[in-house]
Participant: 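Attaching a single structure in structure tokens format; questions to follow.
To find a chain, count down the sequence lines: A is the first, B the second, and so on, and within it residues start at 1. Just so it is clear, the model here is predicted, and its values are computed rather than measured.
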Protein chains: 2
Amino acid sequence: MIQLDARDKAILLELQQESRLSYAEMGSRVGLSPAAVHDRVKKLERKGVIRAYKIQVDPEALGLKLTAFVAIRLDNNFTGREIQPGLEQFHQIEEVHSIAGENDLLLKVRTSDTKALEALIYRIKAVPGIARITSTIVLSTALEGRPLVPGESDESIELR
Amino acid sequence: MIQLDARDKAILLELQQESRLSYAEMGSRVGLSPAAVHDRVKKLERKGVIRAYKIQVDPEALGLKLTAFVAIRLDNNFTGREIQPGLEQFHQIEEVHSIAGENDLLLKVRTSDTKALEALIYRIKAVPGIARITSTIVLSTALEGRPLVPGESDESIELR
DNA sequence: GCATCTAACTGAATCATATTCGGTATGATA
DNA sequence: TATCATACCGAATATGATTCAGTTAGATGC
């Protein structure tokens, strides 16, 4: 288990919202020199706490006007692991979760419209081992991509 | 509607996976000078296609070992819009979607463990207007944070 | 056909920032 | 007390972002 102090947490919180902050700016926010911030960030990268630097794009700008959650029930003799390679091929699938409950997998998918969603579902159905699909269409998204806040102990994240 | 050509799409695809690529490196990947890439990226930012630069962190490293989807059914005389402010206060909620179907809202939440999830659900239940909550625990996540691929017309995104 | 305008590009400055480095302080360890 | 590791700092250096003047190609209007 990696130990993160209050400054690491503050840095991670900032970078989750704006990863292009300069080390100097970050330093003045958390009370460290640019070089010290640099050290910490590199360490966080090395330890895998920081997984990647990404951009968030507006799905609509890419023509992806429809979001949906697709719940999948598998045939009894199949596991999620076995199905996964068959799902990866569809770039419309943004997330794949194995879940507990009535269904076995929950996917988050993005398509241009209902027609494209229909086509996608049809193709997913063709993947061997899939017994039943239930789709839920997203009408609107109020919150998305919020930063993750460290759990437990210190419920109040303040940087000073 | 913003028009994106093949190069814009290629740039967006790259940046969704690694937003720290230098303009020079990006230029050689898409066949442009660094300055030309710079122009394009700035334009994409200005137009809102690029919403933000972020880091992806490992939830486990933050002690967030549990992911769950929480479906909420509202009382008949409430709307998702009205409920939202009551939900924003919980930083454990990563996403809030208004959905069609049996339930009205679908939340993606992260907590440290089942105990913390229980506490969160309990507190969500206290928000006025919420009739019924159904939680689905994520056992494992196979895919997450995949890049969005432009929809429709050109199903094959190749960059030469 | 020709002048004009715009958008997108290029290469070459320039400027900001990341990165590296040597050195210091602190706390743990033997 | 000596030794070591960690985290920090300020200053130098290297890298990359940003700006800019100029070019090209494609539209537009006369």
Side-chain angles (χ1 to χ4, degrees), chain A residues 1-58 60-63 147 150 153-154 157-160, chain B residues 1-58 60-63 147 150 153-154 157-160:
Chain A
M1 180 82 189
I2 305 113
Q3 266 312 334
L4 304 174
D5 68 11
R7 277 180 174 139
D8 288 325
K9 291 176 183 175
I11 289 171
L12 289 171
L13 201 50
E14 297 286 350
L15 290 180
Q16 282 185 86
Q17 298 167 270
E18 170 52 292
S19 66
R20 284 180 313 177
L21 278 186
S22 71
Y23 292 118
E25 171 61 23
M26 182 68 83
S28 68
R29 290 195 191 180
V30 301
L32 286 174
S33 72
V37 175
H38 182 264
D39 280 358
R40 278 172 179 262
V41 170
K42 291 302 153 192
K43 191 166 299 177
L44 291 168
E45 290 173 10
R46 233 177 311 116
K47 297 206 173 170
V49 178
I50 295 176
R51 277 192 182 155
Y53 290 75
K54 307 202 159 198
I55 58 166
Q56 190 180 68
V57 310
D58 175 12
E60 298 238 350
L62 298 184
S153 45
D154 36 341
I157 302 297
E158 60 238 310
L159 6 166
R160 187 146 325 226
Chain B
M1 180 83 189
I2 305 111
Q3 265 311 333
L4 304 174
D5 66 12
R7 277 180 174 139
D8 288 325
K9 291 175 183 175
I11 289 171
L12 289 170
L13 201 51
E14 297 285 349
L15 289 180
Q16 282 185 86
Q17 300 170 83
E18 171 53 290
S19 65
R20 284 180 314 177
L21 278 186
S22 71
Y23 292 118
E25 171 61 23
M26 181 69 83
S28 69
R29 289 195 192 180
V30 301
L32 286 175
S33 72
V37 174
H38 182 265
D39 280 359
R40 279 171 179 263
V41 170
K42 291 304 154 191
K43 192 166 299 178
L44 290 168
E45 290 173 9
R46 234 176 310 117
K47 298 208 172 168
V49 178
I50 294 176
R51 278 192 181 154
Y53 290 74
K54 307 203 159 199
I55 59 166
Q56 190 179 67
V57 310
D58 175 12
E60 299 238 349
L62 298 182
S153 44
D154 34 341
I157 301 297
E158 61 239 308
L159 4 165
R160 192 138 325 240

Participant: Just one of Leu12(A), Val41(A), Asp8(A) clears the side chain to side chain contact (heavy atoms under 4.5 Å, CB included) bar with Val49(A), so which one?
Facilitator: Leu12(A)
Participant: Can you list, in residue-number order, the parts of residues 44-53 of chain A that come under 4.0 Å of DNA chain C, counting heavy atoms only?
Facilitator: none
Participant: Give, for atom CG of Leu44(A) and atom NZ of Lys9(A), the distance between the pair rounded to the nearest 0.5 Å.
Facilitator: 12.0 Å
Participant: Look at the side-chain N and O atoms of Arg40(B) and state whether any lies under 4.0 Å from the OP1 or OP2 oxygen of dA7(C).
Facilitator: no
Participant: Whole angstroms only, please: what is the CD1-C1' distance between Ile11(A) and dC8(D)?
Facilitator: 13 Å
Participant: So how far is it from Asp5(B) CG to Ile11(B) CD1, rounded to the nearest 0.5 Å?
Facilitator: 8.0 Å
Participant: Summarise protein proximity over nucleotides 14-25 of chain D in one line of letters, 5' to 3': B for base, S for sugar-phosphate only, - for none, counting protein heavy atoms closer than 4.0 Å.
Facilitator: --SSSB------
Participant: Determine whether a donor-acceptor pair (N or O, by modelled atom type, separation under 3.5 Å) exists between the side chain of Glu18(B) and the backbone of Glu14(B).
Facilitator: no
Participant: Quick one: CG on Asp58(B) to CZ on Arg51(A), what's the gap to the nearest 0.5 Å?
Facilitator: 4.0 Å
Participant: Measuring from atom CG of Leu4(A) to atom CZ of Arg40(A), what distance do you get when rounded to the nearest 0.5 angstrom?
Facilitator: 9.5 Å
Participant: Let me confirm one number: the CD-NZ distance from Gln56(A) to Lys54(B), rounded to the nearest 0.5 Å.
Facilitator: 4.5 Å
Participant: How long is the gap from OG on Ser19(B) to CE on Met26(B), to the nearest 0.5 Å?
Facilitator: 9.0 Å
Participant: Give a yes/no answer on whether the side chain of Lys43(B) brings an N or O atom under 4.0 Å of OP1 or OP2 in dA8(C).
Facilitator: yes
